[in-house]
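Working notes, beginning with the structure itself.
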Amino acid sequence: MTSRLPPDLFQLFTPRPPLAPVPPTDRAPDDKPKPALSGIAQYVSELSQAPLATPVETPKQRRDRIKREHAVLARDNIIRGLSTWDPSLNLQATEDPYKTIIVARLNYDTTENDLRTEFQAFGSIASIKMVNDMDGNFRGYAFVEFEREADMREAFRRADAMRILGRRVVVDVERGRTVKGWLPRRFAGGLGGTRLGGKDLNQKEPGRFDPTMPPEPERRYVDNRSHDRSDKPPRGRDS
């Protein structure tokens, strides 16, 4: 078919001349000279005189070391704090611990008037102690003392989980001066399991169980009613 093409088109199908041979710029790997190989016996004496390598701390070892140091520091702080902690000697505490409740997880903008407005619905309030740090900043919890113990119990039952300035608060009785051997959270005490240790021990859901006591057995509903009704006569329209 190409023989019937006109000369200008036929020239497009004409093969080009072959490429001129070019000498290679490099030799094949097998043709290259190999480096001379020898043993290491002559260097053994130098290795024995070389300084020993200094061990390097891996990132995991560093994290474990810092974790151990923090644990030791926290334990020392707890021991020092327990040696001087006595809630009965707190001059800033309320007068009667059996008429006092603690209100925690408060909004940091909460004032004494806000607490008085919320809790005076349960009874007459004797005093309110707002807990501040060394710099005078509110720490998010306070103690409310009622004039009657019955009002305190009513507030303890009904005020828990109420919202104050948009935050759900926790209400509990004062345990530092009423429960023997009680320790606050900063001394590895308190209730609940949200701060037991690391992420593998802490619980996400808050609660008021004692982490030092064994967990309560799970309560399950058991239906003792028999589901076999074959011995009962069928019910008809006239029965």
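Heavy atoms only: backbone and side chains are in, while hydrogens, waters and symmetry mates are out.
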Where [X] and [Y] come nearest, the two heavy atoms and their spacing:
X: R105; Y: V169; answer: O-CG1, 4.0 Å
X: V56; Y: Q61; answer: O-OE1, 4.0 Å
X: G176; Y: P87; answer: O-CG, 3.3 Å
X: A155; Y: I101; answer: CB-CD1, 4.0 Å
X: K129; Y: T94; answer: CG-CG2, 3.8 Å
X: G140; Y: Y108; answer: N-CE2, 3.8 Å

Salt bridge [X]-[Y], side-chain N to carboxylate O under 4.0 Å:
X: K67; Y: D64; result: no
X: D172; Y: R175; result: yes
X: R65; Y: E57; result: yes

Within this structure, what is the [atom1]-[atom2] distance for the pair [X] and [Y], rounded to the nearest 0.5 Å?
X: R80; Y: F187; atom1: CZ; atom2: CZ; result: 10.5 Å
X: L106; Y: R167; atom1: CG; atom2: CZ; result: 8.0 Å
X: L73; Y: N77; atom1: CG; atom2: CG; result: 4.5 Å
X: E118; Y: I164; atom1: CD; atom2: CD1; result: 5.0 Å

- Note on the structure: Grouping ILVMFWY residues whenever side-chain heavy atoms fall under 4.5 Å, the cluster of I102 otherwise contains V131, Y141, F143
[X] (side chain) donor-acceptor with [Y] (main chain) under 3.5 angstrom:
X: D133; Y: D135; result: yes
X: R148; Y: D151; result: no
X: T178; Y: E174; result: yes
X: R168; Y: R163; result: no
X: D160; Y: V171; result: yes

- Query: Linking I/L/V/M/F/W/Y whenever any side-chain heavy atoms sit under 4.5 Å apart, do V173 and Y98 land together?
  - Reply: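 The answer is no; the residues belong to distinct hydrophobic clusters.
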With the side chain counted from C-beta on, respond yes when [X] and [Y] share a heavy-atom pair under 4.5 Å apart, and no when they do not.
X: L115; Y: M130; value: yes
X: F146; Y: Q120; value: no
X: L183; Y: W85; value: yes

Acceptor/donor pairs from residues 9-33 side chains to any protein atom, 3.5 angstrom cut, sequence neighbours excluded:
| from | atom 1 | to | atom 2 | distance (Å) |
| --- | --- | --- | --- | --- |
| T14 | OG1 | F10 | O | 3.2 |
| D26 | OD2 | K32 | NZ | 3.4 |

- Taking atom types as modelled, is there a side-chain donor on E145 or S127 under 3.5 Å from an acceptor on the other? yes
- Query: Does the side chain of T58 come under 3.5 Å of the side chain of R63 through a donor N or O and an acceptor N or O?
  - Reply: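 No, no side-chain donor-acceptor pair sits under 3.5 Å.
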Within a 6.0 Å radius of atom [atom1] on [X], are there more than 12 heavy atoms belonging to other residues, nucleotides or ligands?
X: R177; atom1: CZ; answer: yes
X: E95; atom1: CD; answer: no
X: Q92; atom1: CD; answer: no
X: K60; atom1: NZ; answer: no

- Report the C-alpha separation of I128 and R116 in whole Å, then their side-chain angles, then the decisive distance to 0.1 Å, and conclude whether the side-chain contact (heavy atoms from CB on, under 4.5 Å) test is met. CA-CA 8 Å; I128 297 178; R116 189 176 299 274; 3.9 Å; yes
- Chi angles and distances behind the side-chain contact (heavy atoms from CB on, under 4.5 Å) call for D109, F138: CA-CA 8 Å; D109 297 330; F138 182 49; over 6 Å; no
- Item | Working for side chain to side chain donor-acceptor pair (under 3.5 Å), residues T111 and D114 | CA-CA 5 Å; T111 62; D114 295 331; 3.0 Å; yes
